[in-house]
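Computed from a predicted structure; not experimentally measured. Read the numbers this way: they start at 1 and go in the same order the structure lists the ligands and their atoms. Only heavy atoms go into these numbers, but all of them, side chains included; no hydrogens, no water, no symmetry mates.
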Amino acid sequence: MIETSNLSKRYGPIAAVDGISFKVEPGQVLGFLGPNGAGKSTTMKMIAGFVTPTSGTAKVCGHDVETQPLEAKRALGYLPEGAPSYGEMTVARFLDFVADLRGLAGDGRKQRIGFVVEHLSLAGVMQQTIETLSKGYRRRVGFAAALLHDPMLLVLDEPTDGLDPNQRHAVRDLIKKLGEERGLIISTHSLEEVEAVCTRAIVIDQGRIVADKTPQALIDEHGSLERAFTALTRGEERA
Ligand code: ATP
């Protein structure tokens with residue numbers, strides 16, 4: 001699904017991401033954990049082809065994101081931080097627009113739009129413009145757009161950020177279900193979420209991987225995920 005090798009990104013003196021290597025197989029939900037500024041979003045942006053690595057490579061379903069960007073992007077759905085979108089479009093128009101971009105047509109197109117509308121509970125807001133939606137609904141529209149073409153790899157940057165408890169529960173169930181056959185990478189600050197949905201956790205600190213284990217192995221070693229997080233990270237946030 002995904003293979004990164006020594007992936008690195010420098011911003012001037014800051015090593016935002018510093019030599020990250022990992023693989024994700026189908027059937028894995030990988031959680032990125034780490035303090036603010038650890039490099040989680042930057043790693044995801046490089047995998048999604050939104051940021052060019054300073055060095056190292058990322059391959060999505062065997063396609064290098066730099067040299068085969070179209071093939072890599074076809075296989076991938078990406079929910080960026082904050083789910084930027086086209087505020088003046090209605091949800092229905094936006095999903096149609098994304099379906100056009102993804103080349104979806106006929107019954108398959110209808111079925112995929114129906115699937116994301118149902119699973120992200122968007123039926124009641126289809127005719128509303130995105131700029132008038134609450135933060136939680138905007139995230140769900142972003143998730144729907146990432147999922148529309150049924151990609152084999154999903155990269156979701158804080159997918160449940162801003163959702164109410166019911167929706168958080170529904171989105172976590174959806175992530176678990178999607179993760180049965182696909183590869184998923186999520187970033188989260190919720191350790192409860194890691195325990196609930198992730199089959200594997202990578203802890204990132206100051207741009208480097210400091211642990212790559214199942215959540216249960218982290219709990220067994222440290223007593224709890226909170227303790228693991230405190231022990232493994234230096235507790236230093238970066239801007
Ligand atoms: P958070 O949990 O707060 O979302 P994160 O782990 O996702 O944090 P990143 O957003 O990847 O962290 O940032 C990693 C580091 O890279 C930070 O020090 C950040 O300030 C820096 N950084 C990210 N993007 C840029 C940029 N475009 N220009 C300069 N520095 C950047």
**OP:** May I ask you to check if ligand 1 and A16 share an N or O to N or O distance below 3.5 Å?
**Re:** no
Original post:
Can an N or O of I14 be found at a distance shorter than 3.5 Å from an N or O of ligand 1?
Top reply: no
Subject >> D212 with K23: basic N within carboxylate O range, under 4.0 Å >> reply: no
Original post:
Got a salt bridge between K40 and D157, using NZ or NE/NH1/NH2 to carboxylate O under 4.0 Å?
Top reply: no
**OP:** Tell me, yes or no, whether the heavy-atom count around Q111 atom CD, taken from other residues, nucleotides or ligands under 6.0 Å, exceeds 12.
**Re:** yes
Original post:
If you count the non-hydrogen atoms of other residues, nucleotides and ligands that lie under 6.0 Å from CZ in R200, is the total more than 12?
Top reply: yes
**OP:** Report, in ascending order of atom number, the atoms of ligand 1 lying under 4.0 Å from any heavy atom of N36.
**Re:** 1 (P), 2 (O), 3 (O), 8 (O)
Original post:
Could you state the interatomic distance from CZ (R109) to CZ (R102), rounded to the nearest 0.5 Å?
Top reply: 13.0 Å
**OP:** Measure up the F32 and F22 rings against each other and bin them: parallel (under 30°), tilted (30 to 60°), perpendicular (over 60°).
**Re:** perpendicular
**OP:** Could you label the plane-to-plane angle of the Y86 and F94 rings as parallel, tilted or perpendicular, counting under 30° as parallel and over 60° as perpendicular?
**Re:** tilted
**OP:** Only heavy atoms count here, so choose which of A38, P13, S41 is nearest to atom 7 (O) of ligand 1.
**Re:** S41
Original post:
Considering only heavy atoms, which of T42, T188, L33, D161 lies nearest to atom 11 (O) of ligand 1?
Top reply: T42
Original post:
Under 4.0 Å from ligand 1, counting heavy atoms only, is it the side chain of K9, its backbone, both or neither?
Top reply: neither
Original post:
With backbone taken as N, CA, C and O and side chain as the heavy atoms from C-beta onward, which portion of P35 lies under 4.0 Å from ligand 1: side chain, backbone, both, or neither?
Top reply: backbone
Original post:
For ligand 1, is there an atom lying under 4.0 Å from some heavy atom of G34?
Top reply: no
Original post:
Does ligand 1 have any atom that is closer than 4.0 Å to a heavy atom of E81?
Top reply: yes
